[in-house]
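Reviewing the structure listed below.
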Amino acid sequence: MAFFALDFDGVLCDSAAETAASAWKCAWELWPELLTTQQIPEEMTDQFLRVRPYLETGWQSVLMLRMLLEKQPLSAFQNELEQNCQRLLQDSGLDTASMIRKFAQSRDQWIREDQQGWLNSHRFYPGSIAALRKAMEQHEVRILTTKQQRFTQLLLEGQGVDFPENKIWGLEAKRPKEDLLEEFIRNGAGDICFVEDRLETLLRAVARPQLARVRLYYALWGYGTEAEKQRAQTNPAITCLELIQFNQMLQA
């Protein structure tokens, strides 16, 4: 029996368009003087999709939209995202906790008003739900995500997947994924396969000798850049997967 530790966004679910729309709704509440419409324009969604690979946690998306409105260059997202996020938080009189709360409130309001529309704004990668169901029947499966746990569970329920709440570690856990992997080992997990589309997360795991036994997989179909994919492919500690290989692995 294998033990799968799976990222959610960029591995099972493509939520980029929903993230942009939810972030815009939050930005409308924060900076209405900067936005011309309450619904995100298509061109802004397109711009956000181009910088999505540099997003680490969902709440940053609100500030990334503000950066796009400021006409910030791509390098600002690549190399200076944290500095820009802190600058914009300070300028807005907010901190990380309050931005997380406001972003979640925008999602909650959307769900209350139009839950089906919110669900439909996501898409799951082809074959991923069937593969997840099969893996749940045969193996231990955990989801490690920077999305809030309740949103992750609601999306899975929307696909008819009854995934146990206590096997999802979301943003609320405030725990790096590499810490969780160590905890799984301490609790007796055997053949751990960790699938993630964020290269920096995998590299942090590579740097921990305690995780040497964990099999690390990079999801090539996720939000990574071409440069990150090339780096992953040259790292001997990381195995790169195509989506079809991922689905086959979960069902094996």
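Keep in mind the model is a prediction, meaning the values are calculated, not measured.
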key: side-chain hydrogen bond (donor to acceptor under 3.5 Å, both in side chains) partner of Asn84, chosen from Gln86, Arg87, Glu82   = Arg87
Write down the atom of [X], the atom of [Y], and the distance for their closest heavy-atom approach.
| X | Y | value |
| --- | --- | --- |
| Ala16 | Leu49 | CB-CD2, 3.4 Å |
| Ala20 | Phe48 | CB-CD2, 3.5 Å |
| Trp118 | Leu154 | CZ3-CD2, 3.6 Å |
| Arg198 | Pro53 | NH1-O, 4.2 Å |
| His139 | Met1 | CA-CG, 3.6 Å |
| Cys13 | Tyr223 | O-OH, 3.7 Å |

Is the backbone of [Y] close enough, under 3.5 Å, to the side chain of [X] for a donor and an acceptor to pair up by distance?
| X | Y | answer |
| --- | --- | --- |
| Thr146 | Glu56 | yes |
| Trp24 | Leu65 | no |
| Glu172 | Gln149 | yes |
| Thr225 | Glu228 | yes |
| Asp197 | Ala219 | no |

Under-4.0 Å salt bridge between [X] and [Y]:
| X | Y | value |
| --- | --- | --- |
| Glu113 | Lys25 | no |
| Asp179 | Arg204 | no |
| Glu182 | Arg186 | yes |
| Arg231 | Glu200 | yes |

Glu183 and Arg142: CA distance, side-chain angles, deciding distance, salt bridge (charged side-chain N to carboxylate O under 4.0 Å, His left out) verdict = CA-CA 12 Å; Glu183 182 177 305; Arg142 305 290 186 272; over 6 Å; no
Decide whether [X] and [Y] meet the rule of one side-chain donor and one side-chain acceptor closer than 3.5 Å.
| X | Y | value |
| --- | --- | --- |
| Arg150 | Gln148 | yes |
| Gln230 | Glu226 | no |
| Gln251 | Asn247 | no |
| Ser92 | Trp31 | yes |

task = Measure the spacing between CG of Leu250 and NZ of Lys134 and express it to the nearest 0.5 Å.
result = 12.0 Å
request  = Would you indicate whether Gln83, at its atom CD, is surrounded by more than 12 heavy atoms from other residues, nucleotides or ligands within a distance under 6.0 Å?
outcome  = yes
request  = Answer yes or no: does atom CG of Leu34 have more than 12 heavy-atom neighbours from other residues, nucleotides or ligands under 6.0 Å?
outcome  = yes
query = Out of curiosity, does Trp59 fall in the hydrophobic cluster containing Val51 (side-chain heavy atoms, cut-off under 4.5 Å, transitive links)?
reply = yes
inquiry  = side-chain contact (heavy atoms from CB on, under 4.5 Å), that's the test. Do Leu155 and Leu119 meet it? Break it down for me.
reply    = CA-CA 7 Å; Leu155 284 163; Leu119 290 171; 3.8 Å; yes
inquiry  = side-chain hydrogen bond (donor to acceptor under 3.5 Å, both in side chains), that's the test. Do Gln47 and Glu43 meet it? Break it down for me.
reply    = CA-CA 6 Å; Gln47 289 182 45; Glu43 61 269 22; over 6 Å; no
key: Quiz item: cation-pi between Arg175 and Trp169, 6.0 Å / 45°   = no
request  = Determine, using ring centers only, whether Phe246 and Trp221 are less than 6.0 Å apart.
outcome  =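 Centroid distance Trp221-Phe246: below 6.0 Å, so yes.
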key: side-chain contact (heavy atoms from CB on, under 4.5 Å) assessment of Phe194 paired with Leu202   = CA-CA 9 Å; Phe194 177 44; Leu202 290 169; 3.8 Å; yes
